[in-house]
Structure formats: C-alpha cells, structure tokens
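First the structure, in the form of structure tokens, and then the observations on it.
On a predicted model such as this, the values are computed, not experimentally measured, just so you know. In what follows, every heavy atom counts, from backbone to side chain, and hydrogens, waters and symmetry copies are set aside.
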Amino acid sequence: MESTLVNIKRSKGVIIPYEYNYYLSISLYSKLRLYQENIKKLHTKTQPGMHTFSNIISKASKGGVNGLDINEGFFIFRSVDPSLNMYLRLGLSIDPIIRIGDVSYLVSSAKSISDKLLDQEEVNFKSLSPVLVRNFKERNIFLNFPDDLETNLNLVSKWVLKETYNFSENDLDSLRIIITSAKRRTVKISNSKNKESITTAFQLKGSIRGTPEALKVLYYKGIGSKTSLGLGCWEVD
C-alpha cells in the first residue's frame with residue numbers, strides 16, 4: 001500500500017472542466033499501460049478498483065463560467081498495490097505530459113510519500129476528492145442529497161471489505177464512518193454524452209473507526225464508489 005505525490009505545471013491550454021476527475025483518470029490509465037500489459041488489466045467489470053487519487057491541490061485555483069484555471073499544483077495517488085504506484089511513476093517518466101481535455105500539464109516530479117495514517121483504530125478525516133455513494137438497496141442509484149449518506153456509505157464500505165478484500169464479520173464489527181459535514185459536488189463517471197454521465201458526489205468531513213487493517217484498505221483504495229475515477233480519496237484531518 002503506497003501513496004505517490006505528483007507535482008504538475010500547465011504547459012498548454014487554460015481551462016479544465018469542473019468535472020475533470022474523469023479526464024485525469026483516463027490520462028493516468030494511459031501511464032499505467034505497462035502495468036496492464038505485464039500485471040493485469042484495470043478498469044474492467046471483473047477487476048475491482050485498487051486505487052484512488054485526489055483533486056488537483058493548488059494555492060491558485062480560479063473558477064470561472066466554463067471551468068477551472070489551475071496553473072500548477074499537485075495530486076496524490078494511492079493504491080493497495082504498491083507496484084501500481086511504481087508503474088505510474090515509470091509511465092510518467094516515459095511520458096511526463098498529463099492531458100485533461102485540451103489542457104496539458106508537465107509532471108515535474110512524482111515521488112512516494114509518507115502517510116499520516118499509521119495503525120490507528122480511529123481518525124478524523126477529510127476527503128481530498130468527492131465521495132460517490134450508492135444506494136445500497138438500489139445499486140444503480142447514486143445519492144444526490146446528504147440524507148442517508150452515512151448509512152449507505154457504511155453499508156457499501158463493509159460490503160466491499162467483506163466481498164473483495166475477504167474481511168470477516170468480526171473484522172468489520174467495529175467499522176463505523178461518521179459524517180459531520182457533506183458538501184455537494186458534481187463529478188463525471190463515464191464518457192457518455194448523456195446527462196447521466198454527470199452526477200452528485202460529496203466533499204466529506206468526519207471520523208472513521210475500525211481495525212487498522214480495514215482503515216488502511218479504505219485509505220489506499222478510497223471510500224465510496226468508482227474510486228479509480230478520482231473519487232473517494234481522503235486524508236487524516
């Protein structure tokens with residue numbers, strides 16, 4: 001399990017979409033070509049998501065009518081598989097240009113970083129990218145309002161840890177995500193031109209309690225749904 005910090009600076013274009021998470025994810029998948037050729041395919045129906053990444057974090061981000069003006073900044077890439085981070089850094093060294101729509105960013109550095117999450121059983125957290133939450137009973141529906149957000153996020157998190165990462169019921173008894181703040185954001189979740197490709201996610205603050213092993217998986221994989229599209233990345237607050 002590992003985190004990588006990627007510093008970027010704009011080299012072409014100006015405005016990126018507000019819902020740039022999808023475009024950034026596609027660019028990162030292109031950098032992971034060698035991982036997919038040598039290890040396994042990513043972003044398939046049979047391969048559960050193993051990674052997440054943050055928003056672009058910048059001291060000088062300007063919003064306008066058509067999108068965001070971000071000249072430089074950084075983002076954090078996390079994965080439960082450290083070799084994925086290694087292949088990402090390799091891909092960025094081969095081609096250091098990240099494309100988001102018509103805008104290009106030059107990667108100035110990509111390095112492994114130490115994380116704030118150690119072996120805690122309870123932490124305060126804040127999301128570094130919006131969290132997309134499914135309705136647990138109706139899996140094709142994502143929540144548009146904060147109502148029932150906490151309940152469904154807990155149910156989804158426990159299901160993923162049990163079904164994908166083989167945690168037992170006993171392991172998950174103590175797991176609890178408590179939300180103290182939820183702000184709506186729009187995100188893009190597919191390349192479709194239909195309105196359903198844009199949906200609601202949430203910037204969250206709160207606390208997470210559970211075994212250190214469960215917290216680490218949620219930290220490096222991300223919380224919520226479609227984390228590999230740049231959603232559900234969080235940091236210890």
Pairwise side-chain contact, L175 with T211, heavy-atom cut-off 4.5 Å (strictly under): no
Flag the pair R134 / K226 as yes when at least one side-chain heavy-atom distance between them is below 4.5 Å, and no otherwise. yes
Aromatic ring proximity H51/Y35, centre distance under 6.0 Å: no
Is the backbone of T151 close enough, under 3.5 Å, to the side chain of D148 for a donor and an acceptor to pair up by distance? no
State whether the side chain of T180 and the backbone N or O of K205 hold a donor-acceptor pair below 3.5 Å, judged by distance alone. yes
Between the side chain of R10 and the main-chain N/O of V14, is any donor-acceptor distance below 3.5 Å? yes
Measuring from L132:CG to R185:CZ, what's the distance to the nearest 0.5 Å? 14.5 Å
Just so I know, are the side chains of L143 and T200 near enough to count as touching, which here means a heavy-atom distance under 4.5 Å? no
Quick check on side-chain contact (heavy atoms from CB on, under 4.5 Å): which of I100, V187, V103, I15 does Y20 satisfy it with? I100
Please assess V160 against Y165 for the test side chain to side chain contact (heavy atoms under 4.5 Å, CB included), listing each intermediate value before the final yes or no. CA-CA 7 Å; V160 168; Y165 292 94; 4.1 Å; yes
Does any N or O in the side chain of S58 come within less than 3.5 Å of the main-chain N or O of E72, such that one atom is a donor and the other an acceptor? yes
Just how far is it from atom OH of Y23 to atom CG of L28, taken to the nearest 0.5 Å? 15.0 Å
R184 side chain near N144 side chain, heavy-atom distance below 4.5 Å: yes
In short, L84 meets M50 closest at the heavy-atom pair CD2-CE, 4.5 Å
Point-to-point distance, once rounded to the nearest 0.5 Å, from OG of S225 to CG of L231: 9.0 Å
Are V6 and L42 connected in the hydrophobic side-chain network, where two residues link if heavy atoms are under 4.5 Å apart? yes
To the closest 0.5 Å, what do you measure between OG (S228) and CZ (F77)? 9.0 Å
Main-chain N/O of C233 paired to S129 side chain as donor or acceptor, under 3.5 Å: yes
Out of curiosity, S109 OG to L5 CG, how far, rounded to the nearest 0.5 Å? 7.0 Å
For residues 197-228, pull every pair meeting ring pair (Phe, Tyr, Trp, His ring centres under 6.0 Å), keeping only residues two or more places apart or in separate chains. Y219-W234
So, for S61 and L68, which heavy atoms are closest and what is the spacing to 0.1 Å? OG-CD2, 4.1 Å
Please determine, by modelled atom types, if R89 and T4 share a side-chain donor-acceptor pair under 3.5 angstrom. yes
Test item: I56 and F74 side chains (from C-beta on) under 4.5 Å apart, heavy atoms: no
Are the side chain of R78 and the backbone N or O of K221 linked by a donor-acceptor pair below 3.5 Å? no
N124 and V236: side chain to side chain contact (heavy atoms under 4.5 Å, CB included), yes or no, with the steps? CA-CA 6 Å; N124 293 324; V236 176; over 6 Å; no
Given the rule in the side-chain hydrogen bond (donor to acceptor under 3.5 Å, both in side chains) test, do D81 and S83 qualify, once you have shown the distances and angles that lead to the verdict? CA-CA 5 Å; D81 179 2; S83 67; 2.7 Å; yes
Please check: side-chain N/O of N21 versus main-chain N/O of L229, any donor-acceptor pairing under 3.5 Å? yes
Between the main-chain N or O of S127 and the side-chain N or O of Q203, is there a donor-acceptor pair closer than 3.5 Å? yes
Under 4.5 Å between side-chain heavy atoms, counting indirect links through other Ile/Leu/Val/Met/Phe/Trp/Tyr residues: same cluster for I113 and L128 or not? yes
What is the minimum heavy-atom distance between F125 and I178, and which atoms define it? CE2-O, 4.0 Å
Single-linkage hydrophobic cluster, 4.5 Å side-chain cutoff, L204 and I76 together: no
I'd like to know whether E121 forms a side chain to side chain contact (heavy atoms under 4.5 Å, CB included) with L215, so could you lay out the CA-CA distance, the side-chain angles of the two residues, the decisive distance to 0.1 Å, and finally the verdict. CA-CA 7 Å; E121 294 184 352; L215 264 61; 5.9 Å; no
Side chain proximity check, L153 to F136, heavy atoms < 4.5 angstrom: no
If we only count heavy atoms from C-beta on, is the I179 to L149 side-chain gap below 4.5 Å? yes
Can we say D237 and K116 salt-bridge, meaning some charged N sits less than 4.0 Å from an Asp/Glu carboxylate O? no
Atom of K188, atom of I198 and distance for their closest heavy-atom approach: CB-CD1, 3.7 Å
The side-chain contact (heavy atoms from CB on, under 4.5 Å) partner of K9 among N71, V107, I70 is N71
Count I, L, V, M, F, W, Y as connected when their side-chain heavy atoms are under 4.5 Å apart, and connections chain through other members. Are I141 and W159 then in the same cluster? no
Polar side chain donor-acceptor pair, D115 to S3, under 3.5 angstrom: yes
For E163, is the CD atom crowded, meaning more than 12 foreign heavy atoms sit under 6.0 Å from it? yes
Is there a side chain to side chain contact (heavy atoms under 4.5 Å, CB included) between L218 and L161 once you walk through the steps? CA-CA 8 Å; L218 294 178; L161 289 171; 4.2 Å; yes
Counting N and O atoms only, with roles assigned by atom type, does the side chain of T227 sit under 3.5 Å from a partner on the main chain of I223, one being a donor and the other an acceptor? no
Quick one: are I94 and L92 in side-chain contact, heavy atoms under 4.5 Å? no
Under 3.5 Å donor-acceptor, N85 side chain and E2 backbone: yes
Is there a path of hydrophobic side-chain contacts, each under 4.5 Å between heavy atoms, that joins L172 and V156? yes
Step by step, would you call K162 with E169 a salt bridge (Lys or Arg N to Asp or Glu O under 4.0 Å)? CA-CA 7 Å; K162 181 180 178 181; E169 294 283 355; 2.6 Å; yes
Out of curiosity, I16 CD1 to N66 CG, how far, rounded to the nearest 0.5 Å? 13.0 Å
Minimum heavy-atom separation for K216 to L118, with atom names? CE-O, 2.9 Å
Can you list the steps and then say if D171 with S168 is a side-chain hydrogen bond (donor to acceptor under 3.5 Å, both in side chains)? CA-CA 5 Å; D171 293 331; S168 69; 3.0 Å; yes
So which pairs with a foot in residues 91-108 pass side-chain hydrogen bond (donor to acceptor under 3.5 Å, both in side chains), sequence neighbours left out? K31-D95
